[in-house]
Amino acid sequence: MTFARVVVRPRVVADLPACARIASEVHALDGYPAYLPSRHFAKFLSSPDAIERWVAELDGEVVGHVALHRRTVEAAMVLAAAAFRVPEHDLGVVARLLVSPDARRLGIGARLLDQAASEARARSLVPILDVAVMYAPAIALYERHGWERLGTITFAPPSGEAFSEHVYALRP
């Protein structure tokens with residue numbers, strides 16, 4: 001597999017419309033994210049909790065997105081902090097990983113995942129993530145790339161049905 005045509009770079013404001021379009025396509029196809037009450041994809045991708053955000057370009061076109069956040073749902077933070085015996089502020093949450101349906105199976109998701117995990121480590125943070133159990137392809141990607149499942153939690157959104165999520169970490 002070649003990555004010569006794929007560039008991962010920091011996201012800029014001008015990338016947001018393309019990223020929101022990708023998020024809309026992914027949501028229509030896969031149902032991710034499972035909880036999106038307003039269906040406002042740009043807002044979903046613009047969390048003030050983000051430490052950094054990146055996009056993947058394929059031949060100059062934005063085809064993927066990932067972010068590194070300070071927090072995720074409380075139950076995932078508690079589980080991961082206990083597993084590593086660190087305070088929650090020592091965790092870096094890989095979030096908002098999206099790849100355009102037209103650009104899948106090219107290694108782009110892995111590149112974005114590695115970028116966010118590397119940045120977490122560069123900041124001396126333990127990389128973690130949480131994923132709804134229904135997203136088997138995402139779970140397979142994480143496990144193929146060495147992420148370890150720490151446990152399963154229940155996420156109860158303020159409105160909507162509760163669902164289960166696996167919490168993963170990438171050990172040093």
Colleague: Let me see the working for Val8 and Val55 under side-chain contact (heavy atoms from CB on, under 4.5 Å), right down to the final yes or no.
Modeller: CA-CA 6 Å; Val8 175; Val55 295; over 6 Å; no
Colleague: Taking side-chain hydrogen bond (donor to acceptor under 3.5 Å, both in side chains) as the definition, give me every residue that meets it alongside Tyr142, ordered by chain and number, with sequence neighbours left out.
Modeller: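 By the side-chain hydrogen bond (donor to acceptor under 3.5 Å, both in side chains) rule, Tyr142 matches no residue at all.
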Colleague: Only distances under 3.5 Å count here; give the side-chain donor-acceptor pairs of residues 78-87 to other protein atoms, sequence neighbours excluded, each with its distance to 0.1 Å.
Modeller:
none

Colleague: Do you know which two heavy atoms are closest between Pro157 and Ala162, and how far apart they sit?
Modeller: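 Nearest pair, atom of Pro157 first, then Ala162: CD-CA, 4.0 Å.
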Colleague: Do Asp15 and Arg53 come close enough that some side-chain heavy atom pair is under 4.5 Å?
Modeller: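 Heavy-atom side-chain distance check fails, nothing below 4.5 Å.
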Colleague: Under 4.5 Å between side-chain heavy atoms, counting indirect links through other Ile/Leu/Val/Met/Phe/Trp/Tyr residues: same cluster for Trp54 and Trp147 or not?
Modeller: yes
Colleague: Measure across Pro10 and Glu52 and return the closest heavy-atom pair with its distance rounded to 0.1 Å.
Modeller: CB-OE2, 4.1 Å
Colleague: Does Leu68 belong to the same Ile/Leu/Val/Met/Phe/Trp/Tyr cluster as Val73, with side-chain heavy atoms less than 4.5 Å apart forming each link?
Modeller: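 No, Leu68 does not connect to Val73 through the hydrophobic network.
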Colleague: Which side-chain N or O atoms in residues 119-130 pair as donor and acceptor under 3.5 Å with protein atoms at least two apart or in another chain?
Modeller:
unit_1	atom_1	unit_2	atom_2	d
Glu119	OE2	Arg123	NE	2.7
Glu119	OE2	Arg123	NH2	3.3
Arg121	NH2	Leu170	O	3.4
Arg121	NH2	Arg171	O	2.5
Asp130	OD1	Thr72	OG1	2.8
Asp130	OD2	Thr72	OG1	3.1

Colleague: If the condition is side-chain hydrogen bond (donor to acceptor under 3.5 Å, both in side chains), which residues does Glu57 pass it with, not counting sequence neighbours?
Modeller: Arg9
Colleague: Does Met77 share a hydrophobic cluster with Val94, counting links as ILVMFWY side-chain heavy atoms below 4.5 Å and allowing steps through other members?
Modeller: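 Hydrophobic grouping puts Met77 apart from Val94.
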Colleague: For the pair Arg111 and Val6, evaluate side-chain contact (heavy atoms from CB on, under 4.5 Å) and give the outcome as yes or no after the intermediate values.
Modeller: CA-CA 9 Å; Arg111 288 277 302 273; Val6 176; 3.9 Å; yes
Colleague: Return a table of donor-acceptor pairs under 3.5 angstrom between the side chains of residues 27-36 and protein atoms on other chains or two or more places apart.
Modeller:
unit_1	atom_1	unit_2	atom_2	d
His27	ND1	Tyr32	O	3.3
His27	ND1	Pro33	O	3.3
His27	NE2	Arg39	NH1	2.9
Asp30	OD2	Arg104	NH1	3.0
Asp30	OD2	Arg104	NH2	2.6

Colleague: Please report the interatomic distance OG(Ser164) to CE(Met134), rounded to the nearest 0.5 Å.
Modeller: 9.0 Å
Colleague: Do you know the tightest heavy-atom contact between Ala76 and Ile153?
Modeller: N-CD1, 3.6 Å
Colleague: Provide the closest heavy-atom pair for Gly64 versus Ile22 in the form atom of the first, atom of the second, distance.
Modeller: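 Taking Gly64 first and Ile22 second, the nearest heavy atoms are N-CD1, 3.8 Å.
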Colleague: Evaluate side-chain contact (heavy atoms from CB on, under 4.5 Å) for Val62 paired with Cys19, printing each intermediate quantity in order.
Modeller: CA-CA 7 Å; Val62 173; Cys19 293; 4.1 Å; yes
Colleague: Just jot down the side chain to side chain contact (heavy atoms under 4.5 Å, CB included) partners of Ala136, sequence neighbours excluded, or say none.
Modeller: none
Colleague: Over all heavy atoms of both residues, which pair between Gly109 and Leu97 is shortest? Give the atoms and the distance, please.
Modeller: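 Between these two residues, the closest heavy atoms are O-CD1, 4.1 Å.
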Colleague: With a 4.5 Å limit on heavy-atom distance, are the side chains of Val131 and Glu165 in contact?
Modeller: no
Colleague: Can you check whether Val63 reaches Asp102 side chain to side chain, under 4.5 Å on heavy atoms?
Modeller: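 Val63 vs Asp102: side chains apart.
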Colleague: Mind listing the closest non-hydrogen atom pair of Ala103 and Leu58 along with its distance?
Modeller: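 Of all heavy-atom pairs spanning Ala103 and Leu58, the closest is CB-CD2, 4.4 Å.
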Colleague: Side chains of Arg149 and Glu143: does their closest heavy-atom pair fall under 4.5 Å?
Modeller: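 In contact.
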Colleague: Go through the structure and list residues passing side chain to side chain contact (heavy atoms under 4.5 Å, CB included) with Ser118, not counting sequence neighbours.
Modeller: none
Colleague: Could you list the residues that satisfy side-chain hydrogen bond (donor to acceptor under 3.5 Å, both in side chains) with Arg11, not counting sequence neighbours?
Modeller: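 Partners of Arg11 under the side-chain hydrogen bond (donor to acceptor under 3.5 Å, both in side chains) test: His65.
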Colleague: Using residues 44-51 as the side-chain source, report each donor-acceptor pair under 3.5 Å to any protein atom, sequence neighbours left out, with the distance given to one decimal.
Modeller:
unit_1	atom_1	unit_2	atom_2	d
Ser46	OG	Ala42	O	2.8
Ser47	OG	Asp49	N	3.1
Asp49	OD2	Arg70	N	3.3
Asp49	OD2	Arg71	N	2.8

Colleague: Quick check: is Ile139 connected to Val167 through a chain of hydrophobic side chains (ILVMFWY, heavy atoms under 4.5 Å apart)?
Modeller: no
Colleague: Check whether any side-chain heavy atom of Arg21 lies under 4.5 Å from a side-chain heavy atom of Phe41, and answer yes or no.
Modeller: no
Colleague: May I ask whether Tyr168 and Phe163 are part of the same hydrophobic cluster, defined by side-chain heavy atoms of I, L, V, M, F, W, Y residues being less than 4.5 angstrom apart, directly or through others?
Modeller: no
